[in-house]
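All remarks here apply to the structure that follows.
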Amino acid sequence: MDRRTAWFLLVAVSLSMAAGFLYPAYSVLQEAFLDLRTGKPTLEYLGMILADPVYREGLANSLLLGLCTTVLALGIALPLAVINHRHDFPLRRALALAVLAPMILPPFVGAVGIKHILGVEGSLNAVLGSLGLVPDSGPVDWLARGRFAGIALMNALCLYPILYLNLSASLAQLDPALEQAAENLGCRPWRRFARITLPLILPGMFAGGSLVFIWAFTDLGVPLVFDYTRVASVQILDGIKGLDRNPLPYALTAVVLIVAATVFLLSKLLFGGRRAGSAPRPRMQANPARLGGLGGWACSAFFLGITAVATLPHLGVLLLSFASHWHGTALPAELTLAHWQEALGSALVVPSIQNSLAYAGAATVLALVVGLASAWVVVRSDLRARHVLDTLTMMPLAVPGLVLAFGYLALSQEGKPFHGLIGENGSPFLLLALAYAMRRLPYVMRSSVAGLQQSDPVLEQAARSLGAGAWSTFRRISLPLLAAHLAAGCILAFAFAMLEVSDSLILAQQAEHYPITKATFALLTTLGNGTELAAALGVWSMVFLSTALIGAALLGGKRGGLGG
Amino acid sequence: MESLTIAAVTKAFPAKPRAHVALDGIDLAIRPGELFFLLGASGCGKTTLLRCIAGLETPTSGQIRFGERDVTRLPPHLREAAMVFQSYALWPHLTVGQNVAFGLEERKVPRDEVARRTAEALAGVRMGDLADRGIDQLSGGQQQRVALARALVVRPRVLLLDEPLSNLDAQLRVEMRREIRRIVKENGLTAIYVTHDQEEALAMADRMAVLHRGKLAQVGTPEQIYRRPDNAHVAKFIGETNLLAGKATSVDATGADIATAAGALRATFGAAGWRPAAGEAVQVSVRPEGWALAEGEAPDAIRGVITDQVYLGQRAQLTVRTDLGELQVLRLNPEGPAPVGAAVGLVARAENAIVLPA
């Protein structure tokens, strides 16, 4: 690629990142660090946050929640990924996809389902009651008892697929000869795992782990549904509801941002620069050993068990959407289609699906254009500034959605630069599309980079030597070679945009513009059968997302380690 | 030192519509201390056989024995059959020294002995001063030496080498050939070496096996394989040859008289001693350097016309058109270019002509 085009793309991408990402994030930090009256820089608000025992507790709880979730998720994902990498067992292909099931359900919707299973009048108590195991003091409120643990477990069960995918990709890229050489020199399987495999997949493990940590650390939906207010994210949301220029929620947001960015940068610093075991492309195919008999079925049972536990929330939501009455019994006493019918007639449900499709669709297109352009510069140009671009486009992963949503909200007020993005009738279409696109950019960017790295530039040079121009080469050679990777990245970006919580909750203000997630929240707080309607809507989004993810797995799976 | 026995080993990979048979009933007996080569075109099964010996693949049927011990089902880490991988498979997260020390540490060798033997092994491949280097700071040749040291340091019962020189440039390859043979012989190792490079095999092997489509085509010393091939495939795969169609007119204890369309010649048997029946259709293999240009009136010479020649200084390659088709002829130390278009007679001594099944 000639340097002029590279510079042009680099500047264009950097400018759009500056406007859509850096500026909003900066505006949040600014509120936190500028004195409200004098406009001078101050650390006073930060000090107030750190001195306030309530905020301190919220931050500590958030940190602990992030940590526990990450450890739990790793405990689930690592055995899954390693077993799938090393062994062939009955139903392997199907089960390797099935463990991804949590990704089709937003954690907070899952939390609604799990409440109906673990609540005082939930299924678990009903089952225990029928077995005569209820204590004399009356049924246990499992959620109130272990609210914190419940949130951590819920998050872990929803987020372990992120780690599983990262680990699977790292394992798939490992040259099998590296493990075989250890085996050949007399290393037992467990020691081989500890001395060779684990150190080599550590970068992937930390990359996935930091994503899970940041997600759980800043997550808003699950604590809200569990009525757990003593975490930073909920405190921020409560703090800005007033919007009376109180600088404290901003300062709290700044703290959250600093912690998240530190974790992200640490994992990059520790492992980003080191060449993973993937450095030379694997020459051999890893061939998982076929496990016959009991061992094989034990692996299948393990996968099935994880899937079963992880899909409990899905089951809860599904049952709830069909339940006419569900209290104190293991399963709903009566099934009905009424909620589904009512949902279709609700002023919230159908428009919210349309809205979400429009927002997420536009966001995906935007992310594709920006992501592909920057991936091109990063992989194919020799500009020194390409490293800056690489870091810049990955930064949205480090910035909690809450922070960005907050920045967009502040900048879209009357008289601020983003006010123009709000449509005539108050439609947040452009605002949300931009916000979603920025947050999901890293997914498209990473898969584009992977695709470009795997396609040999010689193929493009051959086209150039035969007289094809830059654009023609891109359209006829590069794009077809990249198509699978791009599609996989886009589908993930689209799916996660449909599930987005923070931006949706904060930026969509009027009922007719609500996306699915906000509509679900609105329904949950409605009296009457709002919860059941929300469940019906939740089932709809599951159907959408499972279709999208299976598509992604089929398109990019063989190369990305997805699905196996 | 350990002998190695491969008895009726078969390996089939499941594939659709039919299973792919990579090894089809291989029988081999490799002697203690022997540098044994597995040679063949890509896809012939040589690497699969090596990986079966290492335990990285399990044969579908048959038996592999180290000495008297059956190791067919033994997991790889208990075999003591250290392998040098084609890609070297050096661990990028460990230094040169740590890579080499790994196998000793796995064997719970005392710490000071690990240090001593690691240093010795690195010195043995002339890498003594690079123990603290990272793997990505090494050149291809250095990586190759480290891979070799890593396998040798554990004093394996059998050393396995999978095309270890294929990633090196031509000059380094020639150097490393001597080096590997020296190290194997000095350490008294039984070694199996896989390659598709026939020159490498001829230069280094004590004995070798040529594999063809999962079967043994021939086993023998380099000289036997080159000078007395058992079949047309081996004759063509190792070096260059001319295959002449003919018919055996008489067969005796030392050889056979063959009649061809362009004349008669006397041929010896291949190493396995296959003999045609009188009157049977056969092929005769004559290497380009096996021909001599007939002096004067030789009645049995094959007559032809020189159609092309390539002068290479120490030798000249002639193409001669005869009634048997175009034949390749090599003249050593040619004293001047032969004129294209000249009529010549070609003769081959009986030990340079091998009679093979048609």
Side-chain angles (χ1 to χ4, degrees), chain A residues 85-90 92-93 170-171 173-206 270-293 295-296, chain B residues 13-14 47-48 50-51 53-58 74-94 98-109 134-137 140 143 146-147 149-163 166-167:
Chain A
H85 171 65
R86 197 159 282 175
H87 301 300
D88 193 7
F89 48 87
R92 170 162 171 259
R93 294 183 70 86
S170 305
L171 285 167
Q173 283 185 355
L174 209 61
D175 187 344
L178 294 174
E179 288 189 311
Q180 289 167 0
E183 217 179 342
N184 177 260
L185 288 172
C187 196
R188 288 166 187 290
W190 276 107
R191 306 229 340 133
R192 169 172 45 126
F193 178 74
R195 294 195 60 184
I196 305 295
T197 317
L198 199 59
L200 288 174
I201 62 170
L202 220 49
M205 198 168 103
F206 267 74
L270 282 176
F271 298 103
R274 208 173 75 188
R275 289 190 4 184
S278 57
R281 295 293 307 163
R283 286 153 194 274
M284 307 180 225
Q285 281 278 309
N287 43 342
R290 174 134 212 114
L291 265 186
Chain B
F13 291 102
T47 295
T48 306
L50 193 77
R51 290 171 64 82
I53 297 170
L56 298 170
E57 306 278 359
T58 311
L74 200 65
H77 66 269
L78 302 175
R79 287 204 186 191
E80 307 277 323
M83 176 148 160
V84 177
F85 289 75
Q86 185 179 8
S87 63
Y88 311 141
L90 297 173
W91 300 300
H93 63 300
L94 304 178
Q98 286 169 332
N99 262 281
V100 175
F102 182 93
L104 296 175
E105 285 160 12
E106 285 307 314
R107 284 164 178 72
K108 308 258 184 310
V109 171
I135 296 305
D136 48 2
Q137 293 166 282
Q143 292 194 9
V146 176
R150 186 177 71 179
L152 288 171
V153 76
V154 299
R155 295 176 191 154
R157 292 144 72 100
V158 178
L159 177 68
L160 307 174
L161 302 122
D162 184 8
E163 308 212 14
S166 65
N167 290 328

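Values below: all heavy atoms of this structure, side chains included; hydrogens, waters and symmetry mates excluded. Here is the naming used below: chain letters follow the sequence lines, and residue numbers restart at 1 for every chain.
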Check for me whether Arg195(A) meets the cation-pi criterion with Trp91(B), that is, NZ or CZ under 6.0 Å from the six-membered ring centre and within 45 degrees of the ring axis. no
Ignoring hydrogens and geometry beyond distance, is a side-chain donor-acceptor pair present between Glu179(A) and Thr197(A) at under 3.5 Å?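 Checked: Glu179(A)/Thr197(A) side chains pair up, N/O donor to acceptor below 3.5 Å.
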Keeping Arg150(B) on the side-chain end and Tyr88(B) on the backbone end, is there a donor-acceptor pair under 3.5 Å?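 Side chain of Arg150(B) to backbone of Tyr88(B), a donor-acceptor pair under 3.5 Å: yes, one is there.
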Just by modelled atom types, is the Ile53(B) backbone N or O under 3.5 Å from a matching donor or acceptor in the Arg79(B) side chain? yes
Using non-hydrogen atoms and a 4.5 Å limit, figure out which bit of Arg191(A) sits close to chain B: side chain, backbone, both or neither.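 The answer is the side chain of Arg191(A).
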Is chain B contacted by the side chain of Arg192(A), its backbone, both, or neither, given a heavy-atom distance below 4.5 Å?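 Neither; nothing under 4.5 Å.
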Hey, which of Glu106(B), Glu80(B), Glu105(B) has the most heavy atom pairs under 4.5 Å with chain A?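 Result: the option with the highest number of such pairs is Glu106(B).
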Salt-bridge criterion met for Arg51(B) and Glu57(B) (N-O under 4.0 Å): yes
Which atoms of Leu104(B) approach chain A - backbone, side chain, both or neither, heavy atom under 4.5 Å: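 Neither part.
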Need one label for Arg107(B): side chain, backbone, both or neither, based on atoms under 4.5 Å from any heavy atom in chain A. side chain
